[in-house]
K.L.:
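Structure in structure tokens, see below.
Below, each value reflects all heavy atoms present in this structure, side chains not excepted, and no hydrogens, waters or symmetry copies. Letters go in sequence order (proteins before strands), and every chain restarts at 1. All of these numbers come straight from a predicted model, not from anything done at the bench.
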There are 2 protein chains.
Amino acid sequence: MPKRTDLSDTFCPVGRSAELLGDRAVLLILRDLFFGNRRFEVIAANTGLGPQLVSARLKRLESEGVVERRAYQERPVRHEYWLTAKGKDLFGVLYAMRGWAERWAYRDGETGGGSAMRYIHRACGSDVGTALVCPGCGETLGYGDLKGEPSPELRAEQARRGRSESARR
Amino acid sequence: MPKRTDLSDTFCPVGRSAELLGDRAVLLILRDLFFGNRRFEVIAANTGLGPQLVSARLKRLESEGVVERRAYQERPVRHEYWLTAKGKDLFGVLYAMRGWAERWAYRDGETGGGSAMRYIHRACGSDVGTALVCPGCGETLGYGDLKGEPSPELRAEQARRGRSESARR
DNA sequence: CATAGTAACTATGATAATCATAGTGACAAG
DNA sequence: CTTGTCACTATGATTATCATAGTTACTATG
């Protein structure tokens, strides 16, 4: 695309986040990072994105201070990508997206009755549904407070992705 | 781009929303719609997007059931774009994006001390900051409960956009 | 020690989305 | 009957994205 007007210095906060988050690949990579996938190949397989896109986006996320590259071994040097505090704070955005989709983006019965991704409040054990405040104990929910549980359907899909990736070689 | 793998039928809820929301133009248009701008030209001017992009995205939003086209006059027929219930429910996502940006995307003092966009809880009058639950009365916050107040800096920028748009003719 | 394997990329060429700019159609006002 | 407004559509250049293949730097196995 041609040079589009850069919005990172607009005064509008939604404009600023849109510059980073208004990108499919960024959103998918963030999803994987929140899910605990930190390796390049795993992220590429899970998101279905090509390696150069993953590479480019991880670089952008790193330069924005959302993600941190950490070597998990020397010889050969291998890296993992970790969310920084600024990155972890994006949980609210992803959680809101997930909530909206759970409420609107599935046809009846498509998820087998429940949520595609269940979230359990670690502190009290309640299923929080898509709430912002725990329906069990009333606490405000943030990253770390919740434990994600993919539905059997979602788990199966993830397994399929992993397999077809490794089957290609 | 080449046909990328469509994620609207993945089981992952974030993947499904990413298909719609992982797009700068969609995010900016939604921002304007939540702000109360419903006319094509106003949206185009405010977002800085070209008319064919605005047109294409409004069509997509309409086909997704997020936006509704309503004629506000006959002879000549003129339309406005209104958020549907499904669209209004995206407020949580935009609000989370705004909150994140307010916390992380400004250098010190850039906003003149406060938020770029203040939100006031209509019911009790408190400034909610970037909270999900009103710090004054403890109520959960959703679209309609809040009144947005752009900072002087943001207001000035919006005025500038409007002017430079009309000055081009 | 030679081949195979793994992780994390980079290179290449085709395709498609985005941009700026200009133009259109339908009407209203002066 | 010219100018103006609103909501678009048309066009051509530019650039991002995709699929596929190749690279680098090692380790592990036979």
K.L.:
Please tell me if the side chains of Leu20(A) and Trp100(B) come closer than 4.5 Å, counting only heavy atoms from C-beta onward.
P.N.:
yes
K.L.:
With a 4.0 Å cutoff (strictly under), does any side-chain N or O of Arg69(A) reach OP1 or OP2 of dC9(C)?
P.N.:
yes
K.L.:
Nearest of dT18(C), dT6(C), dA7(D) to any side-chain atom of Arg78(B)?
P.N.:
dA7(D)
K.L.:
Select one nucleotide: of dC8(D), dT17(D), dT20(D), the one nearest the side-chain heavy atoms of Pro51(A).
P.N.:
dT20(D)
K.L.:
Roughly, in whole Å, what's the span from OH in Tyr72(B) to P in dC27(C)?
P.N.:
14 Å
K.L.:
When the distance from CG of Leu28(A) to P of dT17(D) is rounded to whole Å, what number comes out?
P.N.:
12 Å
K.L.:
Could you walk me through whether Ile43(B) and Leu33(B) pass the side chain to side chain contact (heavy atoms under 4.5 Å, CB included) check?
P.N.:
CA-CA 8 Å; Ile43(B) 293 170; Leu33(B) 290 170; 3.9 Å; yes
K.L.:
Are Tyr81(A) and dA7(C) close enough that a side-chain N or O sits under 4.0 Å from OP1 or OP2?
P.N.:
no
K.L.:
Check whether any side-chain N or O of Ser55(B) sits under 4.0 Å from OP1 or OP2 of dA7(D), and answer yes or no.
P.N.:
no
K.L.:
Where the side chain of Arg57(A) is defined as all heavy atoms beyond and including C-beta, which of dA8(C), dA16(D), dA7(D) is the nearest nucleotide?
P.N.:
dA16(D)
K.L.:
Starting at atom CG of Leu53(B), determine the distance to atom P of dT11(D), rounded to an integer number of angstrom.
P.N.:
18 Å
K.L.:
Tell me: CZ of Arg39(A) to P of dA8(C), nearest whole Å?
P.N.:
6 Å
K.L.:
Arg24(A) has an atom CZ; how far is it from atom C1' of dT18(C), in whole Å?
P.N.:
17 Å
K.L.:
Let me know the distance between CD of Gln73(A) and P of dA8(C), rounded to the nearest Å.
P.N.:
8 Å
K.L.:
Is the number of heavy atoms from other residues, nucleotides or ligands under 6.0 Å of Arg118(A) CZ greater than 12?
P.N.:
no
K.L.:
Should Lys59(B) be listed as having a side-chain N or O under 4.0 Å from OP1 or OP2 of dT9(D)?
P.N.:
yes
K.L.:
Tell me the ring pair (Phe, Tyr, Trp, His ring centres under 6.0 Å) pairs involving residues 17-67 of chain B, sequence neighbours left out?
P.N.:
Phe34(B)-Phe91(B), Phe34(B)-Tyr143(B)
K.L.:
Let me know which of Arg39(A), Gln73(A), Arg38(A) forms a side-chain hydrogen bond (donor to acceptor under 3.5 Å, both in side chains) with Glu80(A).
P.N.:
Arg39(A)
K.L.:
Please give me the minimum heavy-atom distance between Ala116(A) and Glu102(A), naming the atom from each residue.
P.N.:
N-OE1, 3.0 Å
K.L.:
Show me the protein contacts with nucleotides 27-29 of chain D, counting only N or O atoms at under 3.5 Å.
P.N.:
unit_1	atom_1	unit_2	atom_2	d
dT27(D)	OP1	Arg75(A)	O	3.4

K.L.:
Measure from CG on Leu49(B) to P on dT9(D) and round the result to the nearest Å.
P.N.:
15 Å
K.L.:
Whole angstrom is fine here: how far is it from NE2 in His79(B) over to P in dC8(D)?
P.N.:
6 Å
K.L.:
Starting from the C-alpha separation in whole Å, work towards a yes-or-no answer on salt bridge (charged side-chain N to carboxylate O under 4.0 Å, His left out) for Arg155(B) and Glu149(B).
P.N.:
CA-CA 9 Å; Arg155(B) 214 189 295 270; Glu149(B) 280 287 327; 3.8 Å; yes
